[in-house]
Amino acid sequence: MSFPLLTATAALPAVGAVATAAVPAARRTAAKWLALLVSLATLVLAIVVLVRFDPDGARYQLTESHAWIADFGVRYELGVDGIAVVLLALTALLIPFIILAGWHDADPLETGSKRWRPTQGFFALILAVEAMVIISFEATDVFLFYIFFEAMLIPMYFLIGGFGDRAHEHGEETASTQRSYAAVKFLLYNLVGGLIMLAAVIGLYVVAGNFSLAEIAQARANGTLHMATSTERWLFLGFFFAFAVKAPLWPLHTWLPNAMQESTAPVAVLITAVVDKVGTFAMLRFCLQLFPEASKWATPVILVLALISIIYGALLAVGQRDIKRLVAYASISHFGFIILGIFAMTSQGQSGATLYMVNHGISTAALMLVAGFLISRRGSRLIADYGGVQKVAPVLAGTFLIGGLATLSLPGLAPFVSEFLVLVGTFTRYPAIGIIATFGIVLAALYTLVLYQRTMTGPVKPEVSAMPDLKARELVVVAPLIVLLIFLGVYPKPVTDIVNPAVKQTMSDVHKTDPKPEVEAAK
């Protein structure tokens, strides 16, 4: 029996979470180092998975399958395709940076005070989220996926509600109330989506008789499983609704700005760069593969919703006064691009969407973590409280600028390639939508450059005149992300080579081919 590599990749952070939580309360530093070492070991396993994955091999590789709840057709089935393996690697890559960036976020609020936050719990919860996200990318049994899709809400709820940002202009009591509100809103929105999905999961079992993604897809391809058109559409809507909440897609997005605003910067990155990717990934893996005809039926409406997300998110980002809320609305706009690429039903669009998930994770992590370092120094999230930072902290300002330029998809940085592919893939099938979506790029340039101008340039405000530049630990967090943004912006081939074969198989699932050019090239 071969080594269960995928199980190990998910189990290691889960075991690490338990071990971190069990560290004695007086040994906070030991808990931090344990969590960091576990995340680095998980990254090593993720790299092994990436190296062993053959893009030209079977669709699902490194598979594991064991009986679990036999009476209900539930199996413990894991496997990764090209899309899952790059997102697994992204998750494992970001967690060590998240832990390092949040090194002091759960330290005691006051020396010698009873107001103490459990440091061990903070880092244990981060590892628990990592374990659940990884197994969500690996699961090829629908019921197994559903369990961890929902279970990750619990540690996220405590991270948002229990470890919020200390920079709050209205005092600790008001901050605690707003954190609780943001955490409950996050939980309720996602629980409602999950309950609707549960009904659809049960419906799928009634129709198919099992939960195996591969078996259901094979039965549909062979013609041995027939779904009535109305049944398939209702099941699709149940799955898609839950994924659209998680993604988040307009108008189901309103939990995200509150959650990101009230979270610490590392937890905000965990939300939008890691957890939310499960929603868009699941659209590709489950919606398109299990319900191809319903996916095509719903495409026009989903494209309109994605387009609204792009423009609406960007417009609201322009008017924000809070740095974290600005990044949150920018992310809503970016997720609109990802969903647009998925449902454009072209190979360029879906390759671009998958690449966008990776690039958005890196760029948002870079921008938000530097913003977190900035906020921790000044003690305020308000843009108006800054000015002239580049004169006193040039390295901080420079990394903030690169993260911002990546957010607006500047050519030469990673998000440009993915956004370009999404727009090209959309335009070839839906030219009007592709043209309108392009305005999202213009608005992105506006909110990013205005943010930089108001915080980093101009006269130095007295409150930031003594602001220190990035320290060694902070540089270790930011520098690799900046390098990745530049490398993947210049040479995205390592990712696209892995993703493209999986995208072709997804296109085959929905029986779609790329549209031919209307005008043939001159001979």
Side-chain angles (χ1 to χ4, degrees), residues 10-43 91-92 94-136 148 150-168 172-173 175-187 190-191 258-275 368-369 372 376 473 477:
L12 180 58
V15 174
V18 175
T20 302
V23 173
R27 304 191 64 186
R28 292 190 301 273
T29 302
K32 296 176 184 180
W33 280 105
L34 176 59
L36 180 60
L37 291 174
V38 168
S39 68
L40 291 172
T42 304
L43 176 58
T91 301
L94 291 180
I95 296 299
F97 297 127
I98 289 171
I99 289 174
L100 267 178
W103 200 252
H104 298 297
D105 285 356
D107 287 347
L109 293 172
E110 296 176 3
T111 303
S113 171
K114 293 181 180 179
R115 296 167 62 216
W116 182 81
R117 299 201 291 187
T119 303
Q120 290 84 340
F122 178 75
F123 293 100
L125 289 169
I126 291 175
L127 291 176
V129 172
E130 179 182 22
M132 294 175 186
V133 169
I134 286 175
I135 204 165
S136 297
F148 290 98
E150 287 292 276
M152 70 179 70
L153 301 180
I154 304 305
M156 285 307 309
Y157 168 80
F158 287 109
L159 283 169
I160 296 168
F163 300 92
D165 194 348
R166 299 180 187 181
H168 203 288
E172 178 60 29
E173 185 175 349
S176 178
T177 301
Q178 293 188 3
R179 284 197 298 269
S180 297
Y181 171 78
V184 170
K185 189 174 183 179
F186 161 82
L187 188 63
N190 284 276
L191 278 179
N258 296 98
M260 289 186 66
Q261 179 184 20
E262 298 303 328
S263 300
T264 64
V267 173
V269 171
L270 189 65
I271 294 169
T272 191
V274 177
V275 172
M368 179 57 84
L369 293 179
S376 66
R473 172 180 59 86
V477 171

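- The backbone N or O of Ala22 lies less than 3.5 Å from no partner atom in the side chain of Gln120, so there is not a single donor-acceptor pair.
- Between Tyr157 and Val184 there is a side-chain heavy-atom pair separated by less than 4.5 Å.
- Here the straight-line distance linking atom CG of Leu153 with atom CG of Leu187 works out to 6.0 Å at 0.5 Å rounding.
- Side-chain contact between Phe123 and Leu127 is absent, with no heavy-atom pair separated by less than 4.5 Å.
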Point to revise | side chain to side chain contact (heavy atoms under 4.5 Å, CB included) evaluation trace for Thr42 with Ile134 | key: CA-CA 10 Å; Thr42 304; Ile134 286 175; 3.9 Å; yes

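- Rounded to the nearest 0.5 Å, atoms CD (Gln178) and NZ (Lys185) are 12.0 Å apart.
- Around atom CZ of Arg27, no more than 12 heavy atoms belonging to other residues, nucleotides or ligands sit under 6.0 Å away.
- Atom CG of Leu40 is separated from atom CD1 of Ile99 by 8.0 Å, given to the nearest 0.5 angstrom.
- Looking at heavy atoms from C-beta onward, Phe163 lies out of side-chain contact with Val267 at the 4.5 angstrom threshold.
- Looking at Leu100, Val269, Leu94 one by one, the single match for side-chain contact (heavy atoms from CB on, under 4.5 Å) with Leu369 turns out to be Val269.
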Exercise for review: Evaluate the side chain to side chain contact (heavy atoms under 4.5 Å, CB included) criterion for residues Leu270 and Met156: first the C-alpha distance (whole Å), next the side-chain angles of each, then the deciding distance (0.1 Å), finally the verdict.
Suggested key: CA-CA 9 Å; Leu270 189 65; Met156 285 307 309; 3.6 Å; yes

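- Taking OG1 from Thr264 and CD1 from Ile160, the interatomic distance works out to 10.0 Å, rounded to the nearest 0.5 Å.
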Exercise for review: Decide yes or no on side chain to side chain contact (heavy atoms under 4.5 Å, CB included) for Val477 and Ile98, but give the supporting numbers first.
Suggested key: CA-CA 8 Å; Val477 171; Ile98 289 171; over 6 Å; no

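- Ser263 and Ile271 get closest at one heavy-atom pair: OG-CD1, 3.8 Å.
- Applying the side chain to side chain donor-acceptor pair (under 3.5 Å) criterion to Ser39, with sequence neighbours excluded, gives no partner residue.
- Rounding to the nearest 0.5 Å places OG1 of Thr20 at 10.5 Å from CG of Leu36.
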